[in-house]
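Below you'll find the structure, written out as structure tokens, and then a few comments.
Only this structure's heavy atoms are used, side chains among them; waters, hydrogens and symmetry mates stay out. Within every chain, numbering begins at 1; the chains are lettered A, B, ... in the order of the sequence lines, protein sequences first and strands thereafter. Predicted, not measured: the structure shown is a model, and the values here were computed from it.
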Amino acid sequence: MEKKPYYITTAIAYTSGKPHIGNTYEAVLADSIARYKRLEGYDVYFQTGTDEHGQKIEQKAAEQNITPKAFVDGVAGEIRTIWDRMNTSYDKFIRTTDTDHERQVQKIFKKLYDKGDIYKGSYEGLYCTPCESFWTESQLVDGKCPDCGREVKPAKEEAYFFRMSKYADRLIEHINTHPEFIQPVSRKNEMMNNFLLPGLQDLCVSRTSFKWGIPVNFDDRHVIYVWIDALSNYITGIGYDADGASAEQFGKFWPADLHLIGKDILRFHTIYWPIMLMALDVPLPKQIFGHPWLLRTDESGGSVKMSKSRGNVLYADDLADLFGVDAVRYFVLHEMPFDNDGAVSWELMAERINSDLANTLGNLVNRTISMSNKYFGGVVEDAGISEEVDAGLKAVAAGTADRVAEKMKELRVADAITEIFTLFKRCNKYIDETMPWALAKDEAKQGRLKTVLYNLVEGISIGAALLEPFMPETTEKILAQLHAEKRGLSECRSFGGYVSGTKVTDAPEILFARLDMKEVQEKAVKVAEAQKAEAAAEEAKGTAASGDGAAKAGAGTAADGAADADSPSVIDLAPKPEITYDDFAKLQFQVGEIIACEEVKKSKKLLCSQVKIGSQVKQIVSGIKAHYSAQEMVGKKVMVLVNLKPATLAGVLSEGMLLCAEDENGKLALMTPEKPMPAGAEIC
RNA sequence: GGCGAAGUAGCUCAGCUGGCUAGAGCACACGGUUCAUACCCGUGGUGUCGAGGGUUCAAGUCCCCCCUUCGCUACCA
């Protein structure tokens with residue numbers, strides 16, 4: 001019988017830096033599903049890879065004085081090394097710099113262009129620079145950017161756009177009729193309510209502001225922006241051809257069964273990607289699962305994102321060095337909730353490893369083998385002397401495979417693992433119920449003792465076999481120690497598959513050593529210090545990252561989280577068009593003194609200040625609540641853009657703008673005169 | 001502000017269409033056991049099921065309102 005195909009993908013990791021354990025989690029999770037599906041008899045194709053274009057990478061490479069290609073070769077290699085170390089069994093590691101991918105992306109772009117779904121933007125005067133967005137006349141609100149309310153300007157940068165709205169209704173219909181399409185379901189509402197139902201805007205799909213990307217082959221001033229480039233990997237990787245000459249493999253594996261991605265990029269995968277496919281007349285993937293994030297616990301027990309400057313980034317290889325690869329896999333797979341963010345720390349890991357892996361599992365295998373050796377020279381045979389107590393163990397052992405299958409059907413990997421460990425616990429209990437050491441003292445009970453040990457070895461064998469998708473090395477180690485044969489899922493559904501009379505190893509190896517919490521903590525401190533030092537060194541060296549919004553939004557791939565770690569000492573912005581002195585002279589800047597300030601109740605970010613400028617007082621609303629309290633604002637002398645057209649924000653009138661500097665993390669600092677100045681002094 | 005999710009044992013969470021004394025894992029305490037990696041087995045919670053109302057013979061489970069947290073989104077003049 002022909003095996004049924006199963007195609008699973010991860011997001012491709014952005015090659016701006018080394019991925020942390022949260023990013024690695026995605027690859028491991030996908031791997032466990034892929035391995036399980038193989039066990040179920042599917043012909044699995046598991047694809048992962050790297051997203052390697054974009055301005056951010058262009059800049060990073062420039063800082064290191066190497067070509068972008070050399071830069072991404074390095075990082076992609078590093079990522080692949082980590083994936084390999086974690087034993088991810090991918091069938092293909094695609095890179096967006098692969099020539100066949102690049103060629104197909106160009107073809108796809110051209111095809112969409114020829115079809116009229118991509119068009120060259122010609123919206124003169126309607127570009128909002130801060131939002132990096134183009135708008136149609138009808139989209140404007142009071143003639144201003146509907147996003148931010150600012151003036152829109154003539155666009156110097158032409159760009160290509162994707163007609164999203166054309167397919168919106170079809171997509172809404174599809175989502176409504178395929179409840180399994182977006183997982184978890186709570187995310188479906190977010191996509192519907194925030195994007196689809198209010199109406200989709202056309203998407204900008206090319207850039208001229210940087211060069212490191214796939215050129216538009218009929219207009220080489222443009223490079224193809226991340227969406228079409230990165231998302232296409234799912235089809236180019238299995239041989240899609242835009243001209244209809246797709247490889248056989250594509251016909252076999254597409255549509256994908258599962259796109260496994262981080263919850264942060266769900267929007268791109270559940271809206272833009274399906275629409276792209278519709279435009280290409282390609283079927284949609286069956287399911288998209290936006291998994292939660294693995295966060296870091298902080299000192300107070302709360303959860304925070306990882307960042308190098310905090311010294312709290314956890315890397316898979318550091319963790320694997322201390323705990324071992326399977327322990328790390330176990331932790332991320334077992335501890336991550338299905339739809340909530342999970343937390344990880346050195347201590348939490350050590351706790352789980354001690355209680356689950358060392359105590360429950362490791363010790364079970366060890367004590368069982370020891371007894372076999374002690375009582376029967378290592379030979380395990382079923383003497384056929386059963387008692388009633390055996391039924392409990394057998395029922396759990398033979399039923400575990402089905403329970404695991406049930407959980408895996410819903411991608412509840414953590415619960416599936418729990419089922420397997422329930423079996424191991426049952427084995428431990430069985431030892432207490434039967435008390436082999438007591439049987440050993442009774443000459444007449446030798447047969448019974450043999451059967452008891454056989455049952456134990458068989459129970460462990462079944463558990464070990466089922467554990468393979470999650471902890472492949474451990475499965476191998478256990479089976480090797482028991483000299484048990486590999487078995488398929490169906491052979492896990494009946495009790496008694498272990499070959500009677502087999503001799504187990506006489507030198508049981510410790511599977512997972514118990515960890516000393518103090519040592520773990522010391523190691524954690526060391527790693528944190530090394531990281532902080534490294535972060536400081538990089539800052540001193542002036543290793544800058546880009547503050548470019550394009551890279552931020554664009555990538556949205558797994559490695560993104562690592563990006564906010566860097567603290568550049570300089571920031572480069574995309575240059576705006578040159579202006580004349582007359583343009584400048586239109587702006588009136590003055591020193592303003594804040595004489596009163598209060599929070600705007602109905603908003604999260606806004607403060608409303610009364611600003612004294614000369615003899616008049618203006619009311620100005622600013623989005624700086626996260627950076628300044630209302631009290632500390634009072635008394636400050638700040639730089640004010642005075643002649644800005646008044647606007648209403650959150651229902652409050654604002655008659656100007658307080659100027660701030662902003663770093664790449666969005667941190668704000670008010671501009672204040674360096675020497676005392678009277679309120680109203682002109683800034684020119 | 002809009003949409004959504006969640007608030008259950010010290011911690012992490014299960015509890016579907018309402019129904020017997022509200023559960024699991026971890027941690028902790030005590031008891032048992034000794035084959036084993038000071039391990040395993042057993043026992044132990046008076047938890048106001050966020051607050052307050054309501055429907056019902058019966059509510060953690062349905063309705064209303066409030067509080068808190070979180071996610072997405074808008075507001076960053």
Using atom names, set out every protein N or O paired with an N or O of nucleotides 3-5 of chain B below 3.5 Å, distance rounded to 0.1 Å.
unit_1 : atom_1 : unit_2    : atom_2 : d
rC3(B) : O2'    : Asn193(A) : ND2    : 2.2

Give me, pair by pair, the N or O atoms of the protein and of nucleotides 27-36 of chain B that are less than 3.5 Å apart, along with how far apart they are.
unit_1  : atom_1 : unit_2    : atom_2 : d
rC35(B) : O2     : Arg367(A) : NE     : 3.2
rC35(B) : N3     : Arg367(A) : NE     : 3.3
rC35(B) : N3     : Arg367(A) : NH2    : 2.5
rC35(B) : N4     : Arg367(A) : NH2    : 2.9
rA36(B) : O3'    : Asn366(A) : OD1    : 2.9
rA36(B) : O2'    : Asn363(A) : OD1    : 2.5
rA36(B) : O2'    : Asn366(A) : OD1    : 3.1
rA36(B) : N1     : Arg367(A) : NH2    : 3.3
rA36(B) : N3     : Asn363(A) : ND2    : 3.2
rA36(B) : N3     : Arg367(A) : NE     : 3.1

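For Tyr498(A) and Asp382(A), the side-chain atoms include no donor-acceptor pair closer than 3.5 Å.
Phe421(A) comes within 4.0 angstrom of no nucleic acid atom, judged by non-hydrogen atoms across all strands. In this structure, Leu511(A) reaches the bases: a heavy-atom distance under 4.0 Å links it to at least one base atom across the strands shown. Within the 4.0 angstrom heavy-atom criterion, base atoms lie near Ile510(A). As judged by a 4.0 angstrom heavy-atom cut-off over every strand, Ser622(A) is placed among residues touching the sugar-phosphate backbone only.
Both distances falling under 3.5 Å, in either a Watson-Crick or a G-U wobble arrangement, place rG25(B) opposite rC11(B). With a cut-off of 3.5 Å on both pairing distances, rU33(B) has no Watson-Crick or G-U wobble partner at all.
A salt bridge links Glu433(A) with Arg426(A); the closest basic N to acidic carboxylate O contact falls under 4.0 Å.
When each of Ala358(A) and Phe424(A) is assigned the nucleotide of RNA chain B bearing its nearest heavy atom, the one mapping closer to the 5' terminus is Ala358(A).
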Side-chain polar contacts of residues 512-520 of chain A - donor-acceptor pairs under 3.5 angstrom, sequence neighbours left out - could you list them?
unit_1    : atom_1 : unit_2    : atom_2 : d
Arg514(A) : NH1    : Asn359(A) : OD1    : 2.7
Asp516(A) : OD2    : Lys518(A) : N      : 3.1
Asp516(A) : OD2    : Glu519(A) : N      : 3.1

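A centroid separation of less than 6.0 Å is found between the aromatic rings of Phe268(A) and Trp227(A).
For Asn428(A) (side chain) and Thr360(A) (main-chain N/O), a donor-acceptor pair under 3.5 Å exists by modelled atom type.
A close approach under 4.0 Å does occur between a side-chain nitrogen or oxygen of Arg267(A) and OP1 or OP2 of rU73(B). Residue Lys429(A) places at least one side-chain N or O under 4.0 Å from the OP1 or OP2 atom of rG42(B).
Separation of the C1' atoms belonging to rG60(B) and rC41(B) is 33 Å when rounded to the nearest angstrom.
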